Undergrad: 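Structure in structure tokens, see below.
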Amino acid sequence: MVDRYNPAEIEPKWQKIWEDAHCFEAKNDFTQKKFYALIEFPYPSGAGLHVGHPRSNTALDIISRKRRMEGYNVLFPMGYDAFGLPTENYAIKTGCHPRVVTETNVAKFREQLKRLGFSFDWSREINTTDPSYFKWTQWIFLQLFKRGLAYKAEMPINFCTSCKVGLANEEVVDGKCDRCGGEVVRKVKTQWMLKITAYAQRLIDNLDMVDFIDKVKTQQRNWIGRSEGAEIIFKLNHGDLTLKVFTTRPDTIFGATYMVISPEHPMIDSKSDVISNMDDIIAYREKAAKKSDFERSELSKEKTGVMLKGIMAINPATGLEIPIWISDYVLMGYGTGAIMAVPAHDMRDYDFAKAFDMPIVEVVSGGNIEREAFVECSTGTLVNSGFLNGLSVDEAKKAMINWLEENGLGTRKVNFKLRDWVFSRQRYWGEPIPLVYCEHCKRWVPLPEDQLPLMLPEVQEFKPSDMGESPLVHATEWINTTCPECGGPAKRETDIMPQWAGSSWYYMRYCDPHNDERLAAREALNYWLPVDWYNGGMEHTTLHLLYSRFWHKALYDLGVVDTPEPYLKRTSHGMVLGENGEKMSKSRGNVVNPDVLIDEIGADAFRMYEMFMGAFDQPIPWSTSGAKGCRRFLDRVWRLMDMAVDGGIRDQNKHLIHSTIKKVSEDIERMKFNTAIAALMSMVNEFYTMESVTKDELHMLLVLLSPVSPHICEEMNRLLGYTTPLYAETWPAWDESALVEASIEYGVQINGKVKARITAPAGTENSELEHIAIENADVKRLIEGLTVRKVIIVKNIINIVAK
RNA sequence: GCGAGUGUGGUGGAAUAGGCAGACACAGCAGACUUAAAAUCUGCCGGGAAACCAUGUGGGUUCGAGUCCCACCAUUCGCACCA
């Protein structure tokens, strides 16, 4: 009898052996075939690792371990995305420096990750808050700035009127400050912006060259939101000023009975002398400032608005004067901040027209506009539309755009929903923006590269100023500097970068993390990039994934990297929910602490359960008893050693073993980890029906199980007398000839319902199968008195169609 | 509201290209071993006496639908300053 399975003893032992052997470190031999596996690096929160992190980590650890066994030079790195709000807020509360908080949290994360036995290359660990790292984040920003991709613009921020600080969207709950309950308003500030919109088309087009799962591609495309239409100029009945609108439906212009502009639209102020109800407008504008874009664009809400008095617009198609309204459902950030309202064919315009009694003119026939807007009208015919009458919607679109262009009243236009990236934060714990404003040069001047990294100044107070400015405004000595170009007095930028900055290029740094000459050596980038397989959460699809693709493309244009895309393949894991099926959170009290459970069942069983619990790409509720079931399975695997006898793989077990090799190999590649593990469980169940198991048979089980639960497999492999550690083993190939079955079982259906089963030798002719099926006693009885119309034989099914 | 997913036993899930629904587990029940418990092992485990009925609901396509199409309902993720 072998000793009891004791993970507490063998897991640290094997972790030490792996570390001493440096077996998971990527080699700087750029001639070998390579594989770069990446998972999103964690934000080191004070709560430590939760059971969601190991899901993504274990998955790519399994794939990385398999790739090494397949002979690849594997890069599987880990690091920390450590700038950000929670650490800063904790610092404000406790007075403890965010750097110290970060160090403590990182140490905790590292310890927890190491305990799980992931095959990370720890020699390449990075941390975005490390000056040797953010030096290059700042360097990239300067390249973007020099390229004209960074600019300043006025953008609204959330501002708490009681704390007097700018708030993140997350900190605004129901229009109130999440910390003090004070009223939140939108306040306009000048902020740094990055021109991601300049890359909108390429970010869509290049999705064709990468292997991202479909739902990720679709969400990125929809987020970028390309739409084709026209920009149309509406003249006013007063002065030379015009209003531009973007519309995807220029064909419906004859039905435009009024216009709506955003309450913030600049036309209002420039025409304030002719608008007679400015008081109402200002009051409405103040109300709108308290709502988020999200609340404003909600379709179901009741429409509100104010008509501008004293000014009208002229519909360029009809020549008629139409009223102009302001309403909060029109956003300044999309299109031109103004729309032509066609109530007959747009739902929101329809609701608005009904609420304010505006005329509704049908211009595409086929709907019932008495009852509702006729929106999906692509099959309709144009009516009440002058020269467009009788045309289809598609024809009318083309004809209208041509007419507008010929008459100088509009142009064909592609519009994107994607907006430029607001890159400023009025906070402390982030990368300082390496620019100074020179009084003399009257412009923003970049710091020379030899002055990077620009360090954060030491401040007493991490709280933003009462005016909502960054805490850096308190660092007077740091702010006041000289202009690198003219030497005159200059002031540093006090806003910092958003936490997304560091994570937009971290996969590059892993290629060569200790380089202080460049962000990474050119040959290392050329060898390792693109990342071969990147796994992460769906929640990062539209922001992080898009931001990093944008930075990568900008750096590609600058000649820093040679690949147009950073990630070859992107997959996504489902979120781990609490035991009650709800999202895990402190406030719900359903957070599972992995440390306690690992003490009880060991890291190997924990890893296995993370993969076995359900479909990898779906959200799954946690089950502690399910995790304990995986420990029971490993106990059973361990006890197989009691049945082990010397010998190779026996003929009668070839089919079992080779079909399992095939199943596990293919399932890992498709991220069907749950069924790969189920196949291994079946194999073990089979072993237990036998008198004994040979060592080579058991060894094969250990090889296949080792990527999932590596410690127990290494230990058993050694106890069985195998001297090559599993990490240095070769991944097995299956033998097709061993998969062939001698006889095949068929389900016999009558009119599509299974009524009987027959077994026949492999290779039996269809005519013979048909005969056997019809002669079957059960079948005979059931089709008695019926006429057999036809018999369909496909795969393992014989379907008799009888009437 | 907009965009993207998901819906199968008491529970998590399985079903590769439209072909035998419920693999593999969890929980539960019964039994063996034990003074007893734990651990372990064995058996049962969607409903129904059966015919049959069952993959969120209602339609459709097909010899055949969990899988494809249409409509609806429920639910999860994201919505640009959380990471």
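Everything quoted here is computed from the prediction, not taken from an experiment. Just so it is clear, the values below take in all heavy atoms, side chains as well, and ignore hydrogens, waters and symmetry mates.
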Undergrad: Scan L543(A) against the nucleic acid and name what it touches under 4.0 Å (heavy atoms): base, sugar-phosphate only, or nothing.
TA: base
Undergrad: Does the cation-pi check pass for R636(A) over Y688(A), that is, NZ or CZ under 6.0 Å from the six-membered ring centre and within 45° of its axis?
TA: yes
Undergrad: May I ask you to say whether R425(A) pairs ionically with E493(A), meaning some side-chain N is under 4.0 Å from a carboxylate O?
TA: no
Undergrad: Between C1' on C77(B) and NE2 on H573(A), what's the gap in Å once rounded to a whole number?
TA: 12 Å
Undergrad: Using atom CH2 of W638(A) as one end and atom C1' of A39(B) as the other, report the distance to the nearest whole Å.
TA: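 The distance from CH2 of W638(A) to C1' of A39(B) comes to 17 Å, rounded to the nearest Å.
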Undergrad: When all nucleic acid strands are considered with a 4.0 Å heavy-atom cut-off, which category describes R639(A): base, sugar-phosphate, or nothing?
TA: sugar-phosphate
Undergrad: Starting at atom CZ of R425(A), determine the distance to atom C1' of A83(B), rounded to an integer number of angstrom.
TA: 12 Å
Undergrad: Is it true that E600(A) and R631(A) have a side-chain N and a carboxylate O under 4.0 angstrom from each other?
TA: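 Answer for the salt bridge query: no.
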Undergrad: Distance alone, cut at 3.5 Å: any donor-acceptor contact between the side chains of Q499(A) and W429(A)?
TA: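 Side chains of Q499(A) and W429(A): no pair found under 3.5 Å.
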Undergrad: Does the base of C81(B) carry an N or O that pairs as donor and acceptor with the side chain of Q191(A) under 3.5 Å?
TA: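 Looking at the base of C81(B), it does pair with a donor or acceptor on the side chain of Q191(A) (distance under 3.5 Å).
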Undergrad: Output the single nucleotide from C81(B), C26(B), U16(B) whose closest atom is nearest the side chain of S623(A).
TA: C26(B)
Undergrad: When the P atoms of C45(B) and G22(B) are considered, how many whole Å apart are they?
TA: 12 Å
Undergrad: With heavy atoms under 4.0 Å as the rule, sort L418(A) into base, sugar-phosphate or nothing.
TA: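 It contacts base atoms.
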Undergrad: Go through A4(B), C79(B), C77(B) for me and flag the one nearest to the M575(A) side chain.
TA: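 Between A4(B), C79(B), C77(B), the one nearest the side chain of M575(A) would be C77(B).
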Undergrad: Between N415(A) and R226(A), is any side-chain donor less than 3.5 angstrom from a side-chain acceptor?
TA: no
Undergrad: Please work out if K753(A) contacts a base, only the sugar-phosphate, or nothing of the nucleic acid, heavy-atom cut-off 4.0 Å.
TA: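 Answer is sugar-phosphate: K753(A) comes under 4.0 Å of backbone atoms only.
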Undergrad: Rounded to the nearest angstrom, tell me the gap between atom CH2 in W622(A) and atom C1' in G12(B).
TA: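 Rounded to whole Å, this separation is 12 Å.
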Undergrad: Nearest-Å distance, CD (E539(A)) to P (A80(B))?
TA: 15 Å
Undergrad: Specify the separation, in whole Å, of atom OH of Y80(A) and atom P of A83(B).
TA: 18 Å
Undergrad: Base, sugar-phosphate, or nothing: which does Q618(A) touch, judged by heavy atoms less than 4.0 Å apart?
TA: sugar-phosphate
Undergrad: Looking at every strand, decide which applies to D635(A) at a 4.0 Å heavy-atom threshold: base, sugar-phosphate, or nothing.
TA: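 The residue D635(A) makes no contact with any strand.
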Undergrad: Quick test of your reading of the model: are R670(A) and E666(A) salt-bridged, counting only N-O distances below 4.0 Å?
TA: no
Undergrad: Using a heavy-atom cut-off of under 4.0 Å over every strand shown, decide if H540(A) touches base, sugar-phosphate, or nothing.
TA: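 Since a base atom lies under 4.0 Å of H540(A), the category is base.
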Undergrad: Which of these nucleotides, A25(B), A4(B), C53(B), is closest to any side-chain atom of N685(A)?
TA: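 The listed nucleotide nearest to N685(A)'s side chain is A25(B).
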Undergrad: Report yes if the distance between the aromatic ring centroids of Y506(A) and F41(A) is under 6.0 Å, otherwise no.
TA: yes
Undergrad: Without swapping roles, check the side chain of N57(A) against the backbone of I39(A) for a donor-acceptor pair under 3.5 Å.
TA: no
Undergrad: Would you indicate whether the side-chain heavy atoms of W421(A) and S504(A) approach each other to under 4.5 Å?
TA: yes
Undergrad: Just confirming the chi classification of G9(B), syn or anti, using 90° around 0 as the syn window.
TA: syn
Undergrad: Using a heavy-atom cut-off of under 4.0 Å over every strand shown, decide if A615(A) touches base, sugar-phosphate, or nothing.
TA: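 Sugar-phosphate, no base atom in range.
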Undergrad: Please encode protein proximity along nucleotides 60-70 of chain B as a string of B, S and -, counting only heavy-atom distances under 4.0 Å.
TA: ---BS------
Undergrad: Identify whether NZ of Lys or CZ of Arg in K195(A) sits under 6.0 Å from the centre of the six-membered ring of Y151(A) and within 45° of that ring's axis.
TA: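 Flagged: K195(A) positioned over aromatic ring of Y151(A).
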Undergrad: Ignoring the backbone of V422(A), work out which of C81(B), A83(B), A27(B) is nearest its side chain.
TA: C81(B)
Undergrad: Assign R632(A) to base, sugar-phosphate, or nothing according to its heavy-atom contacts below 4.0 angstrom with the strands shown.
TA: sugar-phosphate
Undergrad: Determine the interatomic distance between C1' on G9(B) and the same-named atom on G47(B); round to the nearest Å.
TA: 10 Å
Undergrad: F612(A) has an atom CZ; how far is it from atom C1' of G12(B), in whole Å?
TA: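 Nearest whole value for this atom pair: 9 Å.
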Undergrad: Reading RNA chain B from 5' onward, which residue's closest nucleotide shows up sooner: G747(A) or D667(A)?
TA: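 Nearer the 5' end of the strand: D667(A).
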Undergrad: Sub-3.5 Å donor-acceptor pair from the side chain of Q426(A) to the main-chain atoms of P471(A), do we have one?
TA: no
Undergrad: Students often get this wrong, so: under 4.0 angstrom with heavy atoms, is E40(A) touching a base, only sugar-phosphate, or nothing?
TA: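 No contact.
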Undergrad: Between T787(A) (side chain) and R789(A) (backbone), is there a donor-acceptor pair under 3.5 Å?
TA: no
Undergrad: For R636(A), which contact category applies under a 4.0 Å heavy-atom criterion: base, sugar-phosphate, or nothing?
TA: sugar-phosphate
Undergrad: By nearest atom, which of the nucleotides A83(B), A27(B), A14(B) is closest to the T675(A) side chain?
TA: A14(B)
Undergrad: Need one value for K755(A): base, sugar-phosphate or nothing, where a base atom within 4.0 Å counts as base even if backbone is also close, heavy atoms only.
TA: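 Touches sugar-phosphate only.
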Undergrad: Measure the distance from OH on Y43(A) to P on C82(B) and round it to the nearest whole Å.
TA: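 So the two atoms are 12 Å apart, to the nearest Å.
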Undergrad: Hunt down any stem RNA chain B takes part in, defined as 3 or more consecutive Watson-Crick or G-U pairs whose two distances are each under 3.5 Å.
TA: B:1-7 with B:73-79, B:10-12 with B:24-26, B:28-32 with B:40-44, B:56-60 with B:68-72
